[in-house]
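As structure tokens, the structure follows; a few thoughts come after it.
These numbers come from the heavy atoms of this one structure, side chains and all, not from hydrogens, waters or symmetry mates. In this chain, residues are counted from 1 in sequence order.
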Amino acid sequence: GAAKGKAGVVKPAAESIEMQLGTYWFVRIGVLLLLTGAGILAFYRRDFFFDLPPVVKVSGLYLLSGLLAGVGFWLQRTGDALRNYAQVLIAGGFSGVYFITYAAHIFEPVKIITDPAVVLVLLLGWGGFMAWVADRLKSETVALFAVGASYYATYVPLIHVDSGGVSHWVILASNVILAVIAVAFMMRNRWVKMPLLSMSAAYAGFVL
């Protein structure tokens, strides 16, 4: 009986560790790697397989981000077991769209938005949408990861190098938009981690 009881305790603990690794850490690492890969593909002029026009590259990256968020919303409805996993996927898809919109003005290989005012309006609108969805879901996970990954995506290694003629106001405005979202979450939902994340990410970007 003691052995059976002991086994009964150990098994759930093992399952808990596996679930935590699979639904918490691995999915976060995977989304960050995906964003890094998207940033590298958007930045470099090299044609990895065959030549694609910028609009096709941007459309493909938007589609990838949309699929990521779509899978997240689908898993969100399946139950509580994968809720955290699903919310990270949603946030990853959202941050992917934010980054692609940013990259479509910053990087020459995918530059299809030439007017800084247009990209600022798009970033502001999408930032507001991310905040609205996170608020509707009452999910600090979505808010933290969407804002944090958006910061990270805009600081992908070698960003702005040889980008030529990039408006510094766009760089500044992107930080301001994300910072405003973070402060709004703190004031509305008392999510104190949001402004701490925003401040840390902004300073890290300046150092980089």
Side-chain angles (χ1 to χ4, degrees), residues 20-40 42-43 61 65 68-69 72 83-107 116 119-120 122-161 163 166-208:
Q20 189 173 22
L21 286 174
T23 62
Y24 189 89
W25 291 110
F26 288 164
V27 65
R28 283 161 168 76
I29 294 171
V31 169
L32 290 178
L33 289 175
L34 185 63
L35 289 172
T36 302
I40 293 172
F43 180 79
L61 292 173
S65 298
L68 192 65
R83 188 174 300 276
N84 183 72
Y85 183 87
Q87 290 176 352
V88 174
L89 292 181
I90 293 170
F94 283 178
S95 57
V97 172
Y98 186 95
F99 165 70
I100 296 160
T101 305
Y102 183 81
H105 175 73
I106 293 291
F107 296 143
V119 76
L120 289 182
L122 292 175
L123 290 178
L124 182 60
W126 187 252
F129 178 74
M130 289 194 301
W132 178 76
V133 171
D135 186 67
R136 287 291 300 272
L137 295 175
K138 298 301 178 186
S139 172
E140 189 176 11
T141 298
V142 172
L144 280 170
F145 202 77
V147 173
S150 295
Y151 270 115
Y152 171 77
T154 57
Y155 297 139
V156 167
L158 300 182
I159 197 167
H160 307 314
V161 177
S163 49
V166 176
S167 171
H168 294 290
W169 291 108
V170 174
I171 303 170
L172 175 63
S174 177
N175 282 271
V176 171
I177 289 169
L178 294 174
V180 168
I181 293 172
V183 173
F185 275 128
M186 182 192 69
M187 297 179 65
R188 180 175 176 81
N189 297 315
R190 300 297 187 266
W191 292 344
V192 182
K193 294 178 183 178
M194 293 298 302
L196 292 176
L197 168 70
S198 179
M199 181 177 65
S200 301
Y203 276 109
F206 291 136
V207 170
L208 178 64

Item to complete: To the nearest 0.5 Å, tell me how far Leu196 CG sits from Leu144 CG.
Response: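 Leu196 CG to Leu144 CG: 10.0 Å, rounded to 0.5 Å.
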Worksheet item: Can you tell me how far CG of Leu197 sits from CE of Met186, rounded to the nearest 0.5 angstrom?
Response: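 Between atom CE of Met186 and atom CG of Leu197 there are 13.0 Å.
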Item to complete: List in chain and number order the residues that pass side chain to side chain donor-acceptor pair (under 3.5 Å) with Thr101, two or more places apart in sequence or in another chain; answer none if no residue qualifies.
Response: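 Thr101 satisfies side chain to side chain donor-acceptor pair (under 3.5 Å) with Tyr62 once adjacent residues are dropped.
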Item to complete: Examine distances only and state if a side-chain atom of Ser95 and a backbone atom of Gly92 form a donor-acceptor pair shorter than 3.5 Å.
Response: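 The answer is yes, because a donor-acceptor pair under 3.5 Å joins these two groups.
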Worksheet item: Can you list the steps and then say if Asn189 with Lys138 is a side-chain contact (heavy atoms from CB on, under 4.5 Å)?
Response: CA-CA 8 Å; Asn189 297 315; Lys138 298 301 178 186; 4.1 Å; yes
Minimum heavy-atom separation for [X] and [Y], please, with both atom names.
X	Y	result
Ala86	Gly72	CB-O, 3.2 Å
Ser139	Gln87	OG-OE1, 2.8 Å
Ile100	Ser65	CD1-OG, 3.4 Å

Kindly write out the residues that satisfy side-chain contact (heavy atoms from CB on, under 4.5 Å) with [X], not counting sequence neighbours, or none if the list is empty.
X	answer
Ala143	Ala134, Phe185, Trp191, Met194
Ile177	Tyr98, Leu123, Leu124, Ile181
Val176	Leu172, Val180
Ala179	Tyr151, Ser198

Worksheet item: Considering residues at least two apart in sequence or located in another chain, which fulfil the ring-ring contact (aromatic ring centres under 6.0 Å, His included) criterion with Trp126?
Response: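 ring-ring contact (aromatic ring centres under 6.0 Å, His included) list for Trp126, sorted by chain: Phe94, Phe129.
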Item to complete: Determine which pairs satisfy salt bridge (charged side-chain N to carboxylate O under 4.0 Å, His left out) with at least one residue from residues 184-205, sequence neighbours left out, and list them in order.
Response: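 Residue pairs with at least one partner in residues 184-205: Asp135-Arg188.
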